[in-house]
Protein chains: 2
Amino acid sequence: MKLNTKSRYAVMALADMSKFPLDSPVSLRDISLRQSISLLYLEQIFLKLKKNEIVKSVRGSNGGYVLRKDPKNIKLSEIFQAVDQKVKTVGCKKDSKKGCNGKSAKCITHELWDELDLYINNFFENKNLSDLLMTKERKN
Amino acid sequence: MKLNTKSRYAVMALADMSKFPLDSPVSLRDISLRQSISLLYLEQIFLKLKKNEIVKSVRGSNGGYVLRKDPKNIKLSEIFQAVDQKVKTVGCKKDSKKGCNGKSAKCITHELWDELDLYINNFFENKNLSDLLMTKERKN
DNA sequence: TATATACCCGACTAAAATAGTCAAGTATTA
DNA sequence: TAATACTTGACTATTTTAGTCGGGTATATA
């Protein structure tokens, strides 16, 4: 079970942004250099973050991206939903032809995966960007 | 974040086996039919389960596989480790050349992924095969 | 107003992982 | 001696991932 780089880079980049004054735009070029993430790839990622209203863009020179909310109020779950589709460990389709129509005898493990998804989502629901910045301080 | 079919099928197959008398061998053919999993693929999976001493094989006609332990004592974490490598959401190599050598400024999110791994592994550590069989009964 | 900066966006691609299949066995029981 | 069922390594098609490329557009500032 692996996390893809898109989700990972998204969190890294946003965490990076959180460390700078929140009102002035941060350019992808800077993030790219600081975090060693390809600029072109970052652009792709930020397009999604923008569409999902996590950041807004400021065009032109000295432009960049700005967080739309206080890092304290940006949950990791939002970020994941924006770049990845969602944490969905297994694709037991509702209308599948073979087995697993919800409660069939076949899909004994159906409930397990549902439970797992909830469990993992719960982790991301309860973490926000500012949590990442404090290393040993208490969560506020 | 997705689970692969190998892990999923392994759990399904073993859960299936748990529903039958534990001392008589269950053939992969039967599991294949009941769970709609390719027989050839099951063979590959059971090879790993056997190597990791979760099941043992009984050759010849009327043969099949037998669980080596009571389902109550087979943790899902064992199964995952047997077929998949492990839950390791991110590959921040210890000796990486670019960034992230444990505590570097770059890898702000390093601790996060470690925490996530622990969290998920915890889920699998605390579930065993027999948990899957009881739908609404209390965990014993 | 020119130019550099930086976002915008769809299409493309190489590489890796996944999800199997195939072939050619061996062991055991009825 | 069939038939059943495990054994094993190699092979392959498909999908996903992790990016790259090219050609834009908008804006600040010199």
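Side chains are part of it too, since the values below use all heavy atoms of this structure and drop only hydrogens, waters and symmetry mates. Proteins come first, then strands; the chains are lettered A, B, ... in the order of their sequence lines, and each starts at number 1.
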> Could you walk me through whether B:Asn122 and B:Asn126 pass the side-chain hydrogen bond (donor to acceptor under 3.5 Å, both in side chains) check?
CA-CA 6 Å; B:Asn122 183 58; B:Asn126 291 308; 3.0 Å; yes
> Answer yes or no: does a side-chain N or O of A:Ser57 lie under 4.0 Å from OP1 or OP2 of C:dC8?
yes
> Could you run down the sub-3.5 Å N/O contacts of the protein with nucleotides 23-30 of chain C?
{"from": "C:dA27", "atom 1": "O4'", "to": "B:Arg59", "atom 2": "NH1", "distance (Å)": "2.2"}
{"from": "C:dT28", "atom 1": "O2", "to": "B:Ser61", "atom 2": "N", "distance (Å)": "3.4"}

> I'd like to know if B:Tyr119 and A:Trp113 are part of one continuous hydrophobic network [Ile/Leu/Val/Met/Phe/Trp/Tyr, side-chain heavy atoms within less than 4.5 Å].
yes
> For a quick test of reading the model: is some side-chain N or O of A:Tyr9 closer than 4.0 Å to OP1 or OP2 of D:dA18?
no
> C:dC8 phosphate, OP1 or OP2: any side-chain N/O from A:Lys50 under 4.0 angstrom?
yes
> Within the 3.5 Å criterion, strictly below it, is a donor on A:Ser27 or A:Tyr65 matched to an acceptor on the partner's side chain?
no
> Can B:Asn73 and B:Asn128 be said to form a side-chain contact (heavy atoms from CB on, under 4.5 Å), step by step?
CA-CA 6 Å; B:Asn73 298 320; B:Asn128 59 55; over 6 Å; no
> If hydrophobic clusters are built from ILVMFWY residues whose side chains come within less than 4.5 Å, do A:Leu22 and A:Leu28 share one?
yes
> Can you list, by residue number, the residues of residues 63-70 of chain B that have a non-hydrogen atom closer than 4.0 angstrom to DNA chain C?
none
> Could you please spell out the steps behind the side-chain hydrogen bond (donor to acceptor under 3.5 Å, both in side chains) verdict for A:Tyr9 and A:Asn4?
CA-CA 9 Å; A:Tyr9 291 168; A:Asn4 57 16; over 6 Å; no
> Checking contacts here: which listed nucleotide (C:dT21, D:dA18, D:dT7) is nearest the side-chain heavy atoms of B:Leu47?
D:dT7
> OP1 or OP2 of D:dT20 sitting under 4.0 Å from any side-chain N/O of A:Ser38?
yes
